[in-house]
Amino acid sequence: MSMQAVIFDLDGVLTDTAEGHYLSWKRLCDEAGIPFDRAMNEQLRGRRRADSLRLILGDRQVDEATFEAMLVRKNAYYHEYLATLTPEALLPGIPALLDALDAAGIPYAVGSASRNARRVLAQLGILERFAFVGDGNTVARAKPAPDLFLAIADALAVLPTGCVVVEDAHAGVEAALRGGFGVVGVGPVERVGAAHVVVPDTAALSLDVLQEASRRCQFA
Ligand code: BG6
Ligand code: MG
């Protein structure tokens, strides 16, 4: 079976919003007197907003109303960052890859933990190009559960084995493998090494790379 569809993670694959998340969490934590640094931010890659805050708080106890208010404030800060996002924030190699998929007639979707996914894609000027957008509201169980990717494959009417997921997070690679998808990992081997094919950055992505992951998944 040739590759039928592609599912892209958003943050860290189509664009690098990690800095925006970092600045927003940092501002919130500075105000609350909670230590927060870039190493901690790395641990939040691919994690939902509430799960991220739980990790940041660690042993610190806050009541539910405070917890919810912190999430709202963090998202307001993140929206300030998003307002500055333009198509120039697409990562290297992504525009050419989307063009190549269009030329090959292969549909593609987004599978993101972010509830801001549609907003980010609109700011990047690519929202309309996606056959489906799965985001932080699509399923109940977050990555590393395979549910989000499976729901997207279902919506696209393709089998997981005919579909390739592109991910930059450990939890995302695990979710895609659990679902039976071909997987391309973007980033260091220590983070995404379990994927069928690993590339160091998005500039190395191509139709050939995606097809190789699809072959390795089907003949594994
Ligand atoms: C993921 C990011 O894509 O989305 C995480 O990698 C982020 O860092 C998560 O926490 C949730 O995003 P949002 O936009 O719903 O706060
Ligand atoms: Mg990501």
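Whatever order the structure lists them in is the order used to number ligands and atoms, beginning at 1. Residue numbers count from 1 along this sequence.
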Enquirer: With no hydrogens and no angle check, is any side-chain donor or acceptor of Q4 less than 3.5 Å from a backbone partner on S2?
Expert: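 Side chain of Q4 to backbone of S2, a donor-acceptor pair under 3.5 Å: yes, one is there.
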Enquirer: Suppose I only count heavy atoms of R115 and a 4.0 Å limit; which atoms of ligand 1 are within that range?
Expert: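 Every atom of ligand 1 under 4.0 Å from some heavy atom of R115: 13 (P), 14 (O), 15 (O).
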Enquirer: Do you know which N/O/S atom name in D11 is closest to the Mg ion (ligand 2)?
Expert: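 Of all N, O or S atoms in D11, the Mg ion (ligand 2) lies closest to O.
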Enquirer: Hey, does the side chain of R216 reach the backbone of G182 with a donor-acceptor pair shorter than 3.5 angstrom?
Expert: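 No; judged by distance alone, with no hydrogens or angles, the pair does not exist.
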Enquirer: Would you mind listing which atoms of ligand 1 come within a distance below 4.0 Å of any non-hydrogen atom of L44?
Expert: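 Answer for ligand 1: 5 (C), 8 (O).
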Enquirer: Where on S114 is there a heavy atom closer than 4.0 Å to ligand 1, on the side chain, on the backbone, on both, or on neither?
Expert: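 Both backbone and side chain of S114 come within 4.0 Å of ligand 1.
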Enquirer: Is there side-chain contact between F36 and N41, with heavy atoms separated by less than 4.5 Å?
Expert: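 In short, these two side chains touch, coming nearer than 4.5 Å.
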Enquirer: Does an N or O from N116, backbone or side chain, lie closer than 3.5 Å to an N or O of ligand 1?
Expert: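 Yes; at least one N/O pair falls below 3.5 Å.
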Enquirer: Closer than 4.0 angstrom, basic N to acidic O: yes or no for D30 and R27?
Expert: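 Salt bridge: no.
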Enquirer: S52 heavy atoms, cut-off 4.0 Å: which ligand 1 atoms fall inside?
Expert: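 Selected atoms, number and element: 10 (O).
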Enquirer: Step through the shown structure and confirm whether more than 12 heavy atoms of other residues, nucleotides or ligands are within 6.0 Å of NE2 on H196.
Expert: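 Above 12, so yes.
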Enquirer: Should you measure from each heavy atom of R49, which atoms of ligand 1 turn up under 4.0 Å away?
Expert: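 So the atoms of ligand 1 that pass are 11 (C), 13 (P), 15 (O), 16 (O).
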Enquirer: Can E42 and R38 be said to form a salt bridge (charged side-chain N to carboxylate O under 4.0 Å, His left out), step by step?
Expert: CA-CA 6 Å; E42 269 303 302; R38 287 181 189 277; over 6 Å; no
Enquirer: So which N/O/S atom does D168 have closest to the Mg ion (ligand 2)?
Expert: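 Going by distance to the Mg ion (ligand 2), the closest N, O or S atom in D168 is OD1.
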Enquirer: Closer than 4.0 angstrom: is that true for some heavy atom of G136 and an atom of ligand 1?
Expert: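 G136: no contact with ligand 1 (<4.0 Å).
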Enquirer: Below 3.5 Å, N or O to N or O, backbone or side chain included: is there any such pair between N75 and ligand 1?
Expert: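 In this structure, N75 places no N or O atom under 3.5 Å from an N or O of ligand 1.
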Enquirer: Report the member of E42, R47, K74 with the shortest heavy-atom distance to atom 7 (C) of ligand 1.
Expert: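 It is R47 that holds the nearest heavy atom.
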Enquirer: Between D99 and R129, does any side-chain N to carboxylate O distance fall below 4.0 Å?
Expert: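 Counted as a salt bridge, because a side-chain N and a carboxylate O are separated by less than 4.0 Å.
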Enquirer: Please state which protein non-hydrogen atom is closest to atom 2 (C) of ligand 1 and give its distance, to 0.1 Å?
Expert: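 For atom 2 (C) of ligand 1, the nearest protein heavy atom is D11 OD2, 3.4 Å.
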Enquirer: Can an N, O or S atom be found in D9 less than 2.8 Å away from the Mg ion (ligand 2)?
Expert: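 D9 does place an N, O or S atom closer than 2.8 Å to the Mg ion (ligand 2).
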Enquirer: Just need the protein heavy atom nearest to atom 6 (O) of ligand 1, so name the residue and atom and give the distance.
Expert: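 The closest one turns out to be G46 N, 2.8 Å.
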Enquirer: Treating Q123 as the side-chain partner and L85 as the backbone partner, does any N or O pair qualify as donor plus acceptor under 3.5 Å?
Expert: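 Side chain of Q123 to backbone of L85, a donor-acceptor pair under 3.5 Å: yes, one is there.
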Enquirer: Which residues satisfy the side chain to side chain contact (heavy atoms under 4.5 Å, CB included) test with P92, sequence neighbours excluded?
Expert: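 So P92 forms a side chain to side chain contact (heavy atoms under 4.5 Å, CB included) with T202, A203.
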